[in-house]
Visitor: 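Pasting a structure here, questions to come.
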Amino acid sequence: MRSNRNIYGVTSSPLHELAMELKTPSVEIDVGLFLRFFCKTAKPVNILEIGCGIGVSTRYMAEAAPDARITALDHNHVRLAQAREIAVGIKNITFIQSEGVEFMRNSTEKYDLIFIDSVKKDYPVMYHYAENLLTDKGAVIMDDVFCYGYIFCEDCEIPDKYRALAGVFRDFLYRIKYTRDHSILPIGGGVLVTYRG
Ligand SMILES: C[S@@+](CC[C@H](N)C(=O)[O-])C[C@H]1O[C@@H](n2cnc3c(N)ncnc32)[C@H](O)[C@@H]1O
């Protein structure tokens, strides 16, 4: 995907601009670039994406891993239709309308990479199912694990609306920190990478 650069780095790409026009959330550019780097270096062959939206993140992965099979799903049929339209002609992506946990619970396939960027409160349960679908050297990548930055705040500073969610993320990351090989990257909304093997 072509990116625009200026002295501050990469500032935009046509797909990000389209996502803004459609008022649809998408990965930040630094997360897209990380996905691209990861796919080029780890060379995943079978990729699952949960919460593809209009497919900005999907495209970063598809272009970096042209020989990979990518299954991209979203439960929102409007976004999925837009994703299909935008990605027309790209052969290695299959878009599926499905709820993420339900899909993973019923899946018998194994994946080298599972990228999750969906509803935040479900991240722990999504992680549980994703981990069980990994190949021996597979990885799970999750965007937005800093919970909009609130995991770093004192509880008293967190708006009521986000307090419980920040607690969910703190517990989740604490568990990951002591039980899994992982990296937490300060890009986008906070990216968690856990590795198997
Ligand atoms: C932040 S957007 C994803 C943006 C996408 N990664 C991109 O870069 O274009 C989150 C998406 O997750 C979808 N979503 C949320 N919860 C979901 C779930 N439980 N199962 C499937 N999709 C879900 C939403 O419909 C939304 O399109």
Side-chain angles (χ1 to χ4, degrees), residues 1-4 10-39 44 47-65 68 70-88 90 92-107 109 111 113-133 139-150 162 164-165 168-169 172 185 187-193:
M1 188 182 331
R2 200 165 41 81
S3 303
N4 303 328
V10 178
T11 57
S12 187
S13 74
L15 254 191
H16 280 99
E17 278 157 23
L18 182 62
M20 277 177 71
E21 237 177 87
L22 295 171
K23 299 187 173 27
T24 309
S26 64
V27 286
E28 290 185 33
I29 287 174
D30 47 4
V31 177
L33 294 176
F34 171 70
L35 288 174
R36 186 164 86 183
F37 168 76
F38 188 92
C39 287
I47 300 175
L48 175 65
E49 176 173 26
I50 310 287
C52 63
I54 65 160
V56 177
S57 41
T58 324
R59 281 287 283 281
Y60 276 100
M61 294 188 283
E63 288 179 16
I70 303 182
T71 305
L73 59 100
D74 203 292
H75 61 183
N76 181 319
H77 67 94
V78 176
R79 287 198 185 146
L80 208 61
Q82 289 167 329
R84 283 197 178 107
E85 200 179 317
I86 292 163
V88 75
I90 300 180
N92 60 339
I93 307 174
T94 305
F95 289 104
I96 296 179
Q97 187 191 349
S98 176
E99 196 284 319
V101 171
E102 193 186 318
F103 181 89
M104 289 193 280
R105 197 185 277 145
N106 295 314
S107 175
E109 277 213 45
Y111 298 93
L113 168 61
I114 301 181
F115 174 57
I116 301 176
D117 183 17
S118 67
V119 74
K120 308 311 166 203
K121 73 173 174 42
D122 293 340
Y123 268 28
V125 67
M126 291 225 172
Y127 183 82
H128 167 77
Y129 284 103
E131 197 174 34
N132 288 325
L133 295 181
V140 178
I141 301 181
M142 302 179 107
D143 193 15
D144 293 329
V145 297
F146 292 164
C147 186
Y148 314 111
Y150 290 127
Y162 291 111
L165 190 60
V168 168
F169 272 96
F172 174 59
L185 309 175
I187 56 174
V191 167
L192 169 68
V193 188

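Position 1 is the first residue of the sequence, and the numbers go up from there. Just follow the structure's listing: the first ligand is 1, and inside any ligand the first atom is 1.
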Visitor: Counting only nitrogen or oxygen atoms and a 3.5 angstrom limit, does Gly51 reach ligand 1?
Guide: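 Right, the criterion is met.
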Visitor: Name the option, out of Ala19, Ser118, Pro25, that contains the heavy atom nearest to atom 2 (S) of ligand 1.
Guide: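 That would be Pro25.
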Visitor: Applying a heavy-atom cut-off of 4.0 Å, say which part of His77 lies close to ligand 1: side chain, backbone, both or neither.
Guide: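 Within the 4.0 Å criterion, His77 makes no contact with ligand 1.
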Visitor: So Phe38 and Phe34, would you call those rings parallel, tilted or perpendicular, with 30° and 60° as cut-offs?
Guide: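 Because their plane-to-plane angle lies in the 30° to 60° range, the rings of Phe38 and Phe34 count as tilted.
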Visitor: With no hydrogens and no angle check, is any side-chain donor or acceptor of Glu99 less than 3.5 Å from a backbone partner on Glu102?
Guide: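 Yes, the answer is positive, given that a donor and an acceptor are paired below the 3.5 Å cut-off.
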Visitor: Need the ligand 1 atom indices (1-based, order shown) with element for anything under 4.0 Å from a heavy-atom of Val27.
Guide: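 Counting atoms of ligand 1 from 1, those under 4.0 Å from Val27 are 7 (C), 8 (O).
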Visitor: For ligand 1, is Glu102 a contact, meaning one of its heavy atoms is under 4.0 Å away?
Guide: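 No; Glu102 lies far enough from ligand 1 that no heavy-atom distance drops under 4.0 Å.
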Visitor: Taking both backbone and side-chain atoms of Val119, is any N or O found less than 3.5 Å from an N or O belonging to ligand 1?
Guide: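 N/O-N/O distance below 3.5 Å exists for this pair.
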Visitor: Have a look at Met126, Glu28, His75 and point out the one with the heavy atom closest to atom 21 (C) of ligand 1.
Guide: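 The residue whose heavy atom sits nearest atom 21 (C) of ligand 1 is His75.
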Visitor: Enumerate the atoms of ligand 1 whose separation from the nearest heavy atom of Glu99 is less than 4.0 angstrom.
Guide: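 Result: 18 (C), 19 (N), 20 (N).
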Visitor: Are any of the N/O atoms in Ser57 less than 3.5 Å from those in ligand 1?
Guide: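 Such a contact does occur with ligand 1.
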Visitor: Considering non-hydrogen atoms only, spot the tightest contact between Ile47 and Ala68 and give its length.
Guide: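 Heavy atoms only, the tightest pair is CD1-CB, 4.0 Å.
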Visitor: Taking all atoms of both residues into account, what is the closest heavy-atom pair of Gln82 and Ile54, and its distance?
Guide: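 Minimum heavy-atom contact is OE1-CG2, 3.3 Å.
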Visitor: Any donor and acceptor pair, going by atom type alone, linking the side chain of Lys23 with main-chain N or O of Glu21 inside 3.5 Å?
Guide: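 No, because the side chain of Lys23 does not come within donor-acceptor range (under 3.5 Å) of the backbone of Glu21.
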Visitor: Is the shortest N/O to N/O distance between Val56 and ligand 1 below 3.5 Å?
Guide: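 Yes; at least one N/O pair falls below 3.5 Å.
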Visitor: To check you understand the geometry: which heavy-atom pair defines the closest contact between Ile70 and Met61, and what is its length?
Guide: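 Heavy atoms only, the tightest pair is CD1-C, 3.9 Å.
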Visitor: For atom 11 (C) of ligand 1, grab the closest protein heavy atom and report residue, atom and distance to one decimal in Å.
Guide: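 The closest heavy atom on the protein side is Asp74 OD2, 3.5 Å.
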Visitor: With Leu48 as reference, evaluate Ile114, Ile116, Val140 under the side-chain contact (heavy atoms from CB on, under 4.5 Å) test and give the passing residue.
Guide: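 Single side-chain contact (heavy atoms from CB on, under 4.5 Å) partner of Leu48 among Ile114, Ile116, Val140: Ile114.
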Visitor: Would you confirm whether His16, through its side chain, and Val27, through its main-chain N or O, come within 3.5 Å as a donor-acceptor pair?
Guide: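 Checking the backbone N and O of Val27 against the side chain of His16, a donor-acceptor pair under 3.5 Å is found.
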Visitor: Considering distance alone, does some N or O of Asn76 sit under 3.5 Å from an N or O of ligand 1?
Guide: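 Not met; the criterion fails.
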Visitor: Apply the ring-ring contact (aromatic ring centres under 6.0 Å, His included) test between Tyr123 and each candidate in Tyr129, Phe146, Phe169; give the one that qualifies.
Guide: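 Going through the options one by one, the only one that passes is Phe169.
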Visitor: For ligand 1, which is the ligand I care about here, please tell me if Gly100 has any N or O atom under 3.5 Å from one of the ligand's N or O atoms.
Guide: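 Between Gly100 and ligand 1 (N or O atoms, distance only) the closest approach is under 3.5 Å.
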Visitor: Output yes when the distance from some N or O of ligand 1 to some N or O of Arg79 is under 3.5 Å, and no in every other case.
Guide: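 Yes: some nitrogen or oxygen of Arg79 is under 3.5 Å from one in ligand 1.
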Visitor: Is it the case that the side chain of Asp117 and the backbone of Gly53 share a donor-acceptor pair, with hydrogens and angles ignored and the cut-off at 3.5 Å?
Guide: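 Not a single qualifying donor-acceptor pair exists.
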Visitor: Quick test: of every protein heavy atom, which one is nearest to atom 10 (C) of ligand 1, and how far off is it to 0.1 Å?
Guide: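 The closest heavy atom on the protein side is Asp117 O, 3.1 Å.
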Visitor: Would you check whether Ser26 has a nitrogen or oxygen atom less than 3.5 angstrom from a nitrogen or oxygen atom of ligand 1?
Guide: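 Ser26 vs ligand 1: no N/O contact under 3.5 Å.
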Visitor: Show which atoms of ligand 1 fall inside a sub-4.0 Å distance from at least one heavy-atom site of Cys52.
Guide: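 Here the atoms of ligand 1 in question are 5 (C), 7 (C), 9 (O).
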Visitor: Within ligand 1, which atoms have a heavy atom of Glu49 less than 4.0 Å away?
Guide: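 It comes down to these atoms of ligand 1: 6 (N).
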Visitor: Determine whether a donor-acceptor pair (N or O, by modelled atom type, separation under 3.5 Å) exists between the side chain of Thr24 and the backbone of Leu22.
Guide: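 Yes, Thr24 side chain to Leu22 backbone: donor-acceptor pair under 3.5 Å.
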Visitor: Among Asp143, Val191, Ile141, which one satisfies side-chain contact (heavy atoms from CB on, under 4.5 Å) with Leu35?
Guide: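 Per the side-chain contact (heavy atoms from CB on, under 4.5 Å) rule, the option paired with Leu35 is Ile141, out of Asp143, Val191, Ile141.
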Visitor: Any atoms of ligand 1 less than 4.0 Å from a non-hydrogen atom of Ser98? List them with their elements.
Guide: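 Contacts of ligand 1 toward Ser98, numbered from 1: 20 (N), 21 (C).
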